[in-house]
Amino acid sequence: MDIGVISVRYARALLKSATELKIEDQVYGEMQLLSQSYLEVPELRFTIDNPMLTKDKKQMVLETACGNGVSELTQKFFALVLKEDRESTLQFMAASYITLYRKQKNITRGKLITATAVSQDTEKKMQQMVESKTQGTVEFNTEVNPDIIGGFILEYDTYRMDASVKAKLNTILTELKK
């Protein structure tokens with residue numbers, strides 16, 4: 001069976017259960033931590049996929065990867081995934097949960113890239129602008145990249161606005177080469 005189909009099925013069931021228990025926000029945080037753990041600690045995948053490690057130990061490792069105070073639902077979810085020998089797709093299940101949760105809550109991810117750090121006020125204004133355009137909530141990240149020289153790059157959904165000095169200089173350079 002396809003990993004994507006399996007992942008979405010499990011994630012959808014987890015989201016439905018979490019929503020019924022009114023803890024979908026907590027589980028969302030746990031799945032974000034788990035997903036982040038998989039990205040930051042490549043050994044986690046090898047540990048979870050290791051057939052020599054008992055399911056109890058895998059359960060403990062997964063709960064640790066989700067941070068302190070893991071919900072009972074997440075614990076049961078891990079137990080089910082381990083019982084069904086689906087732990088190799090757990091990273092995809094976490095990513096699928098995050099995607100489904102964002103869709104359900106109308107959450108968009110946005111990113112503001114600037115050459116130097118911006119004030120909280122400026123960041124807030126940009127976030128509010130994106131929220132007004134998307135008619136939903138925005139998880140907003142800022143990033144400093146001195147390579148863009150000045151200006152900013154704003155990204156959300158499939159939209160990208162590049163108002164950086166570097167982009168403008170590249171445009172001028174392209175025009176001069178013609």
Side-chain angles (χ1 to χ4, degrees), residues 1-113 126-127 130-143 145 153-162:
M1 188 153 222
D2 185 28
I3 289 175
V5 173
I6 293 168
S7 302
V8 170
R9 233 177 240 163
Y10 275 80
R12 194 174 284 131
L14 178 60
L15 181 59
K16 184 178 180 193
S17 296
T19 303
E20 287 171 1
L21 295 170
K22 299 190 184 331
I23 59 168
E24 68 270 21
D25 299 341
Q26 180 183 353
V27 175
Y28 175 63
E30 293 166 355
M31 291 301 118
Q32 283 184 307
L33 281 172
L34 179 63
S35 188
Q36 188 177 342
S37 295
Y38 268 107
L39 293 174
E40 292 176 1
V41 185
E43 296 82 16
L44 179 60
R45 173 182 285 292
F46 301 118
T47 304
I48 297 303
D49 290 346
N50 183 349
M52 301 300 288
L53 196 63
T54 66
K55 294 196 184 296
D56 290 341
K57 296 261 191 238
K58 288 180 183 184
Q59 175 96 20
M60 191 175 72
V61 169
L62 289 168
E63 288 176 17
T64 302
C66 287
N68 297 335
V70 178
S71 67
E72 189 177 329
L73 179 63
T74 300
Q75 291 173 13
K76 287 179 180 177
F77 178 72
F78 289 154
L80 174 67
V81 169
L82 292 167
K83 179 181 163 229
E84 298 294 327
D85 293 322
R86 299 278 195 201
E87 59 266 29
S88 62
T89 60
L90 205 46
Q91 180 178 7
F92 303 106
M93 290 176 195
S96 295
Y97 181 92
I98 291 166
T99 302
L100 291 169
Y101 175 88
R102 286 180 178 150
K103 194 175 204 176
Q104 178 177 305
K105 300 284 187 176
N106 194 22
I107 297 173
T108 304
R109 294 193 63 178
K111 182 166 44 171
L112 177 65
I113 304 167
M126 293 298 268
Q127 182 176 354
V130 174
E131 285 176 347
S132 70
K133 297 240 187 254
T134 61
Q135 309 289 302
T137 308
V138 176
E139 286 182 352
F140 210 68
N141 293 326
T142 56
E143 188 179 300
N145 182 353
I153 300 171
L154 177 65
E155 301 174 333
Y156 63 91
D157 274 344
T158 57
Y159 179 79
R160 178 181 164 96
M161 181 172 131
D162 192 340

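Looking at L14 and M93, their side chains never come closer than 4.5 Å, going by heavy atoms from C-beta outward. Considering only heavy atoms from C-beta on, E139 comes within 4.5 Å of Q32 through its side chain.
Identified under the salt bridge (charged side-chain N to carboxylate O under 4.0 Å, His left out) test for residues 12-24, with sequence neighbours left out: E24-K105. The ring-ring contact (aromatic ring centres under 6.0 Å, His included) contacts involving residues 65-98 comprise nothing, where partners must be two or more places apart or lie in separate chains. Residue pairs meeting the salt bridge (charged side-chain N to carboxylate O under 4.0 Å, His left out) criterion with at least one partner in residues 32-43, sequence neighbours excluded, do not occur; the list is empty. Counting only residues at least two apart or on different chains, the salt bridge (charged side-chain N to carboxylate O under 4.0 Å, His left out) pairs with a member in residues 60-73 are E72-K76.
Distance check: I107 CD1 to T99 OG1 gives 11.5 Å after rounding to the nearest 0.5 Å. The distance from atom CG of D49 to atom OG of S88, rounded to the nearest 0.5 Å, is 5.5 Å. Taking CG from L53 and OG1 from T47, the interatomic distance works out to 7.0 Å, rounded to the nearest 0.5 Å. Atom CG of residue L39 and atom CD of residue Q91 lie 6.0 Å apart, to the nearest 0.5 angstrom. For the atom pair OG1 (T74) and CD (Q26), the distance works out to 7.0 Å, reported to the nearest 0.5 Å. For the atom pair I48 CD1 and L90 CG, the distance stands at 7.5 Å (nearest 0.5 Å).
S37 approaches A65 most closely through the heavy-atom pair OG-O, 2.9 Å. For the pair T89 and S7, the tightest heavy-atom approach, listed with the atom from each and the gap, is O-OG, 3.9 Å. Pairing each heavy atom of V138 with each of G110, the nearest pair is CG1-N, 3.9 Å. In this structure, M31 and I98 approach most closely via the heavy-atom pair O-CD1, 3.7 Å. Of all heavy-atom pairs between C66 and E30, the closest is SG-O, 3.6 Å. Residue K58 comes nearest to E87 through the heavy atom pair NZ-OE2, 2.9 Å, listed as atom of the first residue, atom of the second, then distance.
Contacts of Y10 classified as ring pair (Phe, Tyr, Trp, His ring centres under 6.0 Å), with partners at least two apart in sequence or in another chain: none. Here Y28 pairs with Y101 under the ring pair (Phe, Tyr, Trp, His ring centres under 6.0 Å) rule; sequence neighbours left out.
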>> Checking K55 against K83 for the side-chain contact (heavy atoms from CB on, under 4.5 Å) test, could you report, in this order, the C-alpha distance in whole Å, the side-chain angles of both residues, the deciding distance, and whether it holds?
In response: CA-CA 8 Å; K55 294 196 184 296; K83 179 181 163 229; 5.7 Å; no
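Among K133, Q127, K111, R109, the single residue meeting the side chain to side chain contact (heavy atoms under 4.5 Å, CB included) criterion with Y156 is K133. Checking each of V8, I6, L15 against S96 for a side chain to side chain contact (heavy atoms under 4.5 Å, CB included) leaves exactly one that passes, namely V8.
The environment of N68 atom CG is sparse: at most 12 non-hydrogen atoms of other residues, nucleotides or ligands sit within 6.0 angstrom.
Under a 3.5 Å cut-off, the side chain of D157 and the backbone N or O of T108 do not form any donor-acceptor pair.
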